Amino acid sequence: MEIRSLHGWDVNPSRAVEIQELLREKISLKDSSSLGKLRSIAAADVSYNKGDTTLYGAVVVVELPEMEIVEQRWAKGKVTFPYIPGLLSFREAPILLKAFAMLRRAPDAVLFDGQGIAHPRGCGLGSHVGLFLDLPSVGCAKSRLVGEHGPVGEDRGSYAWLVYRGKRVGTVLRTRAGVKPVFVSPGHRVSLRSATKLVLLTCRRYRLPEPIRLAHQLVNRLRREGR
DNA sequence: GCGACAG
DNA sequence: ATCTTGTCGC
């Protein structure tokens, strides 16, 4: 699929912050019309090698309603940026974009293992990569980066607003009774409402969305087998 | 200066 | 993220 080039990746942390502030203005929180006929959903994830600088990135595409895998691509590369809270996309996006570039067909939406706009500068991994792909994207993180929230109901589907600097930037969603909730936030071209519905829709028997679990399994398998 | 801090 | 076995519970 086509990848819109917005800037290179050879940057330092200071420059990365400037880039996020510029990208923030380009993010759309409106539902893309293409979400109406939502059919294929993709998810991307990254895995690292221990004392090495090798990393793997993968994207898995599934189709509703059964969510069977229709395509999957992966790439192997080297770490070029350190892990700094708030700058995760500069570490993981490059390898993920390589995998996305190999997709034959662009998915209708993409899920990311990280934050969308629930970020210090409103531009987390989900938003950053969503902008490059110019596709509806959603951030679904396992823990909090920024924002505050009240208690979350115990039933599946219960949620609390994630508020940051006086704005609702996401939801803390219980995707399964009895398990820790996930942090959902719009990436690009999706509303907070739709982002939350999309995550709940793709969560079946586990805490995380099925596409994300599949991408997670794929990169970990690649790392174990050292391919 | 101190505490927080996606993966 | 990664290092790691068993184990408590539905």
Side-chain angles (χ1 to χ4, degrees), chain A residues 9 13 16-17 19-20 23-24 27 43-60 74-97 99 110-131 137-149 154-156 162-165 169-188 192 195-196 199 204-209 211-226:
Chain A
W9 296 100
V17 167
I19 290 173
Q20 290 180 328
L23 292 179
R24 176 182 203 167
I27 297 171
D45 195 24
V46 174
S47 184
Y48 304 85
N49 242 13
K50 183 55 181 177
D52 193 2
T53 55
T54 304
L55 79 167
Y56 298 83
V59 52
V60 173
W74 61 273
K76 179 180 183 179
K78 293 292 184 181
V79 169
T80 61
F81 200 91
Y83 169 68
I84 299 174
L87 299 182
L88 177 65
S89 58
F90 288 86
R91 180 180 175 79
E92 303 195 341
I95 195 70
L96 291 181
L97 291 174
V110 191
L111 293 172
F112 288 93
D113 186 358
Q115 312 290 346
I117 63 169
H119 174 278
R121 289 164 294 284
C123 187
L125 177 70
S127 298
H128 198 158
V129 180
L131 276 168
S137 61
V138 174
C140 178
K142 298 182 292 300
S143 62
R144 186 194 74 95
L145 175 59
V146 297
E148 306 78 46
H149 65 85
E154 293 303 318
D155 302 327
R156 167 188 157 85
L162 180 62
V163 180
Y164 184 52
R165 292 177 178 167
V169 297
T171 54
V172 185
L173 177 68
R174 186 87 65 186
T175 57
R176 195 187 172 192
V179 301
K180 184 177 183 293
V182 297
F183 293 74
V184 181
S185 59
H188 179 48
L192 174 51
T196 305
V199 169
R204 301 291 207 236
R205 315 171 51 184
Y206 302 92
R207 177 166 85 120
L208 299 178
I212 288 183
R213 297 185 64 252
L214 293 170
H216 201 7
Q217 294 173 358
L218 176 53
V219 288
N220 281 325
R221 190 163 64 237
L222 290 168
R223 180 171 59 75
R224 288 201 315 272
E225 301 174 355

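Given the structure is predicted, the values throughout are model-derived calculations rather than measurements.
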side-chain hydrogen bond (donor to acceptor under 3.5 Å, both in side chains) filter on A:T54, not counting sequence neighbours, yields A:D52, A:K78
ring-ring contact (aromatic ring centres under 6.0 Å, His included) filter on A:Y164, not counting sequence neighbours, yields none
Minimal heavy-atom distance between A:P209 and A:V199, with the atoms involved, is CG-CG1, 3.9 Å
Using atom types as modelled, flag every donor-acceptor pair under 3.5 Å from a side chain in residues 139-146 of chain A to any protein atom, sequence neighbours excluded.
unit_1: A:K142; atom_1: NZ; unit_2: A:D113; atom_2: OD1; d: 2.9
unit_1: A:K142; atom_1: NZ; unit_2: A:D113; atom_2: OD2; d: 3.2
unit_1: A:R144; atom_1: NH1; unit_2: A:G147; atom_2: O; d: 2.8

Minimal heavy-atom distance between A:F81 and A:F90, with the atoms involved, is CB-O, 3.4 Å
Sorted by chain and residue number, the side-chain hydrogen bond (donor to acceptor under 3.5 Å, both in side chains) partners of A:Y48 (sequence neighbours excluded) come out as A:R91, A:E92
Whether each nucleotide of nucleotides 4-10 of chain C has a protein heavy atom under 4.0 Å at its base (B), only at its sugar-phosphate (S) or at neither (-) is summarised, 5' to 3', as -------
For A:H188, the ring-ring contact (aromatic ring centres under 6.0 Å, His included) test, sequence neighbours excluded, returns none
*A:S127 and A:I117, any side-chain heavy atoms less than 4.5 Å apart*: yes
Base, sugar-phosphate, or nothing for A:D52, non-hydrogen atoms under 4.0 angstrom?
nothing
Base-pair string, DNA chain B, Watson-Crick plus G-U, cut-off 3.5 Å on both distances, | for inter-strand, is .......
All heavy atoms of A:R121 vs all of A:Q20, minimum pair found to be NE-OE1, 2.6 Å
Closest non-hydrogen contact found for A:I27 with A:G122 is CD1-O, 3.2 Å
Closest non-hydrogen contact found for A:L55 with A:V79 is CD2-N, 3.6 Å
Note, A:Y56 side chain near A:I95 side chain (heavy atom, < 4.5 Å): no
Closest heavy-atom pair, A:R204 versus A:R156, reported as atoms and distance to 0.1 Å, is O-NH1, 4.3 Å
- request: Taking only the side-chain nitrogens and oxygens of A:N220, find out if one of them lies under 4.0 Å from OP1 or OP2 of C:dA1.
  value: no
Applying ring-ring contact (aromatic ring centres under 6.0 Å, His included) to A:F183 and not counting sequence neighbours gives A:H149
5' to 3', nucleotides 1-7 of chain B under a 4.0 Å protein heavy-atom cut-off (B base, S sugar-phosphate only, - none) gives ---SBBB
In numerical order, the residues of residues 170-180 of chain A whose heavy atoms come under 4.0 Å of DNA chain B are none
With both pairing distances under 3.5 angstrom for Watson-Crick or G-U wobble, and | for a partner in another strand, the correct string for DNA chain C is ..........
Atom CZ of A:R223 and atom C1' of C:dA1 are separated, to the nearest Å, by 9 Å
Applying side-chain hydrogen bond (donor to acceptor under 3.5 Å, both in side chains) to A:Q217 and not counting sequence neighbours gives none
